[in-house]
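Right, one structure below, let's go through it.
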Amino acid sequence: MNSKSRRILLIYTGGTIGMVKDYVTSALKAFDFNELLKNIPELKQLDCSIDTVSFDVPIDSSNMSPKDWISIVEIIERHYESHDGFVVLHGSDTMSYTASGLSFLLENLNKPVILTGSQLPIGDLRTDAKENLITSIQIAALHEKGEAIVKEVGLYFEYKLYRGNRTTKINAENFQAFTSLNYPHLIESGVHLNVFKEYLLPIKRGKKFITHKKMDENIAVLKIFPGITQNVLDGMLNIQGLKALILETYGSGNAPTSEWFLKSLESFIKKGIHIINVTQCSGGSVILGHYETSMRLKQMQVVSGKDITTEAAISKAMYMLGSGVGDELFKTVFETPLRGEMH
Ligand code: ASP
């Protein structure tokens with residue numbers, strides 16, 4: 001495995017990695033991409049050529065929306081033939097959402113798309129940005145017999161490459177900001193880059209790369225809590241135009257068994273709103289019917305999110321609704337792994 005002659009596209013969207021302190025307010029704000037590159041002369045030593053594209057206005061990832069995911073898709077699409085791999089520099093706050101969104105929007109991906117960022121700006125003496133960026137580029141350039149080794153959307157942070165749609169941001173302080181509790185990491189960076197090939201998505205031979213550009217945002221997320229009232233549930237379900245509700249339940253998919261709660265959910269399912277059950281736990285899976293407290297949910301055809309993250313459930317629902325998956329097929333398709341996002 002070497003990276004000679006690989007051509008990598010670096011896509012800068014914003015995030016702490018390229019931020020500077022505002023002199024007046026001392027808040028961190030995004031700055032110019034060329035300044036960022038000046039801070040990493042090491043990039044010239046890498047064994048691959050690097051081209052760069054930047055969002056016109058780099059953003060804090062709290063401002064990322066599905067429209068921005070589609071802008072990234074369009075950049076990748078324009079450079080798909082000319083480049084061997086893609087590295088997306090992105091704020092860490094919503095990086096798992098974007099990684100999940102991109103995994104659905106980029107179908108039959110045969111090249112690496114690696115998202116990375118940092119907890120400290122690149123100009124900071126103790127920055128984690130350099131290692132994250134340099135290793136992400138090296139991973140994007142990894143190849144064997146002319147073919148890319150990673151053929152999926154990954155997220156690289158603090159020595160580990162994860163499947164992007166399996167990740168969650170768990171820490172706003174530590175350099176190890178992400179985890180993937182339901183799926184092992186794909187690569188570990190030590191003295192060598194250790195690739196765990198058995199965990200990578202398999203090759204999609206003969207399948208054409210397809211980009212999708214429609215996300216339907218008519219969804220909502222409700223985390224249930226002890227004391228939740230009917231007003232709250234009905235308020236959510238009565239949102240005009242709502243097509244799917246992601247219900248964050250307890251443990252392995254359990255929820256209150258009060259009649260008002262179950263009746264409300266049932267009446268909305270009958271109206272055609274998809275109720276998707278994901279767990280509030282960071283790890284583990286929804287198993288409908290495992291406890292009595294999820295039996296009725298199973299009977300009323302609530303969709304099982306299995307071991308999907310909330311981040312991936314949101315983008316999967318938007319992607320499926322945007323692609324026009326019909327009501328009759330919605331449950332079956334959602335419960336099927338499309339990009340390795342669930343078991
Ligand atoms: N607020 C920043 C962002 O998500 C945090 C970061 O980049 O780590 O854009």
Side-chain angles (χ1 to χ4, degrees), residues 10-40 43 52-73 75 86-103 113-137 139-140 153-162 164-180 185 189 215 217 221 282 309-312 314-315 318:
L10 196 55
I11 304 167
Y12 178 52
T13 69
T16 298
I17 192 161
M19 287 186 179
V20 277
K21 266 208 174 120
D22 186 290
Y23 289 120
V24 184
T25 64
S26 37
L28 285 171
K29 59 174 194 190
F31 83 135
D32 188 59
F33 190 40
N34 295 323
E35 290 301 312
L36 184 143
L37 291 179
K38 267 191 227 152
N39 278 286
I40 340 168
L43 288 182
T52 55
V53 178
S54 172
F55 270 19
D56 292 341
V57 183
I59 53 176
D60 186 297
S61 77
S62 307
N63 284 319
M64 275 276 166
S65 71
K67 283 179 198 65
D68 300 304
W69 304 345
I70 292 164
S71 300
I72 301 171
V73 166
I75 294 173
F86 304 86
V87 173
V88 182
L89 293 178
H90 193 289
S92 63
D93 288 348
T94 66
M95 198 186 290
S96 293
Y97 293 87
T98 302
S100 301
L102 292 180
S103 77
V113 173
I114 313 296
L115 281 90
T116 195
S118 64
Q119 293 281 55
L120 283 175
I122 198 112
D124 195 290
L125 210 50
R126 294 175 49 252
T127 190
D128 51 332
K130 287 191 183 181
E131 200 286 319
N132 284 348
L133 174 56
I134 290 168
T135 309
S136 293
I137 295 174
I139 290 172
V153 178
L155 186 156
Y156 183 81
F157 228 86
E158 191 63 2
Y159 303 112
K160 286 190 181 124
L161 178 78
Y162 306 96
N165 59 26
R166 290 290 198 156
T167 60
T168 301
K169 183 171 178 182
I170 44 144
N171 206 308
E173 162 72 24
N174 291 356
F175 286 143
Q176 181 160 0
F178 291 88
T179 192
S180 163
H185 53 274
S189 164
M215 284 289 198
E217 294 161 15
V221 182
S282 321
T309 60
T310 300
E311 291 89 332
I314 289 170
S315 51
M318 287 182 180

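In what follows, residues are counted from 1 in the order of the sequence shown. Just follow the structure's listing: the first ligand is 1, and inside any ligand the first atom is 1. Heavy-atom basis, side chains included; hydrogens, waters and symmetry copies ignored.
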(request) Go through the side-chain N and O atoms of D68 and S71 and say whether any donor and acceptor fall under 3.5 Å apart. (result) no
(request) Find the distance between NE2 (H90) and OG1 (T98) and round it off to the nearest 0.5 Å. (result) 3.0 Å
(request) Could you pull out all residues at least two apart from S189 that satisfy side-chain hydrogen bond (donor to acceptor under 3.5 Å, both in side chains)? (result) none
Can you give me a line-by-line list of nitrogen or oxygen pairs between ligand 1 and the protein shorter than 3.5 Å?
residue  : atom  : partner : partner atom : Å
ligand 1 : 1 (N) : D60     : OD1          : 3.1
ligand 1 : 1 (N) : D60     : OD2          : 2.9
ligand 1 : 1 (N) : D93     : OD2          : 2.8
ligand 1 : 4 (O) : S61     : OG           : 2.5
ligand 1 : 4 (O) : S92     : N            : 3.4
ligand 1 : 4 (O) : D93     : N            : 3.0
ligand 1 : 4 (O) : D93     : OD2          : 3.4
ligand 1 : 7 (O) : T16     : N            : 2.8
ligand 1 : 7 (O) : T16     : OG1          : 2.9
ligand 1 : 7 (O) : S92     : N            : 3.1
ligand 1 : 8 (O) : T16     : OG1          : 3.2
ligand 1 : 8 (O) : S92     : N            : 3.3
ligand 1 : 8 (O) : S92     : OG           : 2.4
ligand 1 : 8 (O) : S118    : O            : 3.2
ligand 1 : 9 (O) : D60     : OD1          : 3.2
ligand 1 : 9 (O) : S61     : N            : 2.7

(message) List the residues meeting side-chain hydrogen bond (donor to acceptor under 3.5 Å, both in side chains) with S54, not counting sequence neighbours, and say none if there are none.
(response) none
(message) Going by side chain to side chain contact (heavy atoms under 4.5 Å, CB included), name the residues that satisfy it together with T309, two or more places apart in sequence or in a different chain.
(response) T168, E311, A312
(request) Kindly check if the number of other-residue, nucleotide or ligand heavy atoms within 6.0 Å of OH (Y159) is above 12? (result) no
